[in-house]
Amino acid sequence: MRLEKCWFCSSTIYPGHGIQYVRNDAKIFRFCRSKCHKNFKMKRNPRKVKWTKAYRRLHAKDMTQDSTFEFERKRNRPERYDRNLAENTLKAIKKIDKVRVDREARHHALRMKGKKAKEQREATKELEQSIHMVKAPAVLQQEPSLTLPKIKVKVAHQQSEENHPMEE
Amino acid sequence: MATTMTCNNFLSLQQRTFIQMRTNLKVVDNSGAKRVMCIQALKGKKGARLGDTIIASVKEAQPRGKVKKGDVVYGVVVRAAMQRGRCDGSEIKFDDNAVVLVNKQGEPIGTRVFGPVPHELRKKKHVKILTLAEHIA
């Protein structure tokens with residue numbers, strides 16, 4: 001039994017799933033589900049399709065080089081069964097998975113760093129520039145502290161209800 | 001752009017079915033025939049699938065070969081565009097319909113087989129074809 005990778009999305013294909021397509025030049029394409037298969041038939045390039053692993057690796061959304069990937073390389077030599085070896089391998093698989101997930105989380109955090117600060121800056125700027133879309137400039141002149149609408153809610157609401165029909 | 005996309009979709013969502021009477025198949029050995037038309041699928045009410053034997057009539061042949069045009073021959077289907085389920089639950093399908101000519105005992109007439117062949121043939125006891133194949137899918 002061997003766990004293959006889908007040619008299109010690079011997810012693992014478990015036994016009993018998917019379709020294998022053998023081309024006449026003896027190249028085998030394995031697909032995990034009909035979504036991938038249909039995309040392949042449409043001749044879509046997986047490197048351009050956003051949800052595939054190929055795209056994500058290419059555009060540095062996911063980790064590309066890591067030592068944990070070395071453990072998953074394809075080996076064609078069958079190993080003689082050894083109970084100890086099998087037990088250790090199973091334990092190792094669990095540990096390696098944990099390490100890999102941690103590293104991916106770290107990569108993601110690194111990628112998303114500075115997003116909150118950026119969002120905050122953009123929000124304040126938008127508030128400064130386009131406050132006229134929310135409240136009429138006439139109202140703002142009357143009450144200069146209305147740039148942050150949280151302050152003085154009651155008075156502001158009444159006035160804005162007055163002003164909105166005027167605007168329309 | 002929209003029309004080309006729909007054209008593509010229409011062609012690739014073709015439902016591939018069995019190999020039945022009047023199906024043209026490619027011959028992938030060096031027995032001399034090039035194209036062969038199925039006249040009977042032995043076993044199977046709807047038609048032959050991957051790994052089945054058929055009776056065929058040679059439609060196109062090379063000038064100096066073991067068979068000539070108009071011969072009635074037996075053949076083993078080695079590639080079928082219709083997917084066939086494997087015992088582990090997955091499915092396999094090929095690009096075209098191809099056949100290897102055999103005699104009544106099941107031994108191939110030619111001495112070489114071109115292109116990939118499935119290992120369903122092992123179960124059907126066509127071991128000779130497997131040994132001649134260049135790639136087993």
Side-chain angles (χ1 to χ4, degrees), chain A residues 1-55 58 72-81 86 89-90 93, chain B residues 1-16 24-29 34-35 49-51 77-100 112-122 129-130 132-137:
Chain A
M1 181 188 85
R2 175 165 254 177
L3 297 177
E4 307 281 354
K5 292 267 172 204
C6 175
W7 185 84
F8 198 82
C9 64
S10 319
S11 61
T12 42
I13 306 179
Y14 283 88
H17 290 263
I19 292 189
Q20 264 184 59
Y21 168 61
V22 185
R23 217 164 48 180
N24 278 351
D25 60 356
K27 184 149 168 62
I28 304 182
F29 297 89
R30 297 175 207 269
F31 304 104
C32 59
R33 55 202 198 279
S34 64
K35 176 180 181 183
C36 305
H37 188 30
K38 288 195 178 138
N39 272 306
F40 172 78
K41 284 199 272 193
M42 275 197 262
K43 300 190 176 179
R44 284 198 180 152
N45 187 354
R47 285 160 172 259
K48 290 193 170 181
V49 178
K50 295 252 168 78
W51 51 272
T52 55
K53 209 75 171 143
Y55 174 94
L58 191 69
E72 279 186 44
R73 230 142 18 115
K74 192 172 178 185
R75 286 163 191 82
N76 281 322
R77 275 182 99 196
E79 301 273 337
R80 175 160 288 167
Y81 179 73
T89 314
L90 284 169
I93 289 175
Chain B
M1 183 68 180
T3 43
T4 48
M5 268 301 270
T6 46
C7 247
N8 242 345
N9 276 347
F10 180 63
L11 285 174
S12 54
L13 292 178
Q14 240 176 340
Q15 262 286 54
R16 304 307 186 117
N24 275 323
L25 297 118
K26 203 160 89 162
V27 178
V28 287
D29 57 7
K34 287 282 205 44
R35 289 214 81 88
R49 308 170 89 161
L50 195 58
V77 178
V78 295
R79 292 204 284 274
M82 174 167 160
Q83 63 264 31
R84 182 160 192 142
R86 290 230 155 132
C87 45
D88 71 341
S90 62
E91 297 193 323
I92 186 168
K93 67 177 184 176
F94 291 84
D95 209 1
D96 59 350
N97 298 317
V99 81
V100 163
R112 286 179 68 192
V113 168
F114 305 108
V117 294
H119 53 71
E120 264 81 356
L121 299 178
R122 192 179 297 271
I129 304 178
L130 280 174
L132 295 170
E134 51 181 45
H135 189 270
I136 305 187

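Values below: all heavy atoms of this structure, side chains included; hydrogens, waters and symmetry mates excluded.
Between the side chain of R16(B) and the backbone N or O of A81(B), no donor-acceptor pair lies under 3.5 Å. With hydrogens and angles ignored, the 3.5 Å screen pairs a side-chain donor or acceptor of T52(A) with a backbone N or O of P46(A).
Under the 30°/60° scheme for interplanar angles, the aromatic rings of H37(A) and Y21(A) are found to be tilted.
Under the side-chain hydrogen bond (donor to acceptor under 3.5 Å, both in side chains) criterion, K34(B) pairs with no residue, sequence neighbours left out.
Using a cut-off of 4.0 Å between Lys/Arg side-chain N and Asp/Glu carboxylate O, D25(A) and R23(A) are scored as salt-bridged.
Among the residues in residues 86-99 of chain B, those with a non-hydrogen atom closer than 4.5 angstrom to a non-hydrogen atom of chain A are R86(B), D88(B), G89(B), S90(B), E91(B), I92(B), K93(B), F94(B), D95(B), D96(B).
Residues N24(B) and R35(B) bring no donor and acceptor atom of their side chains to less than 3.5 Å of each other.
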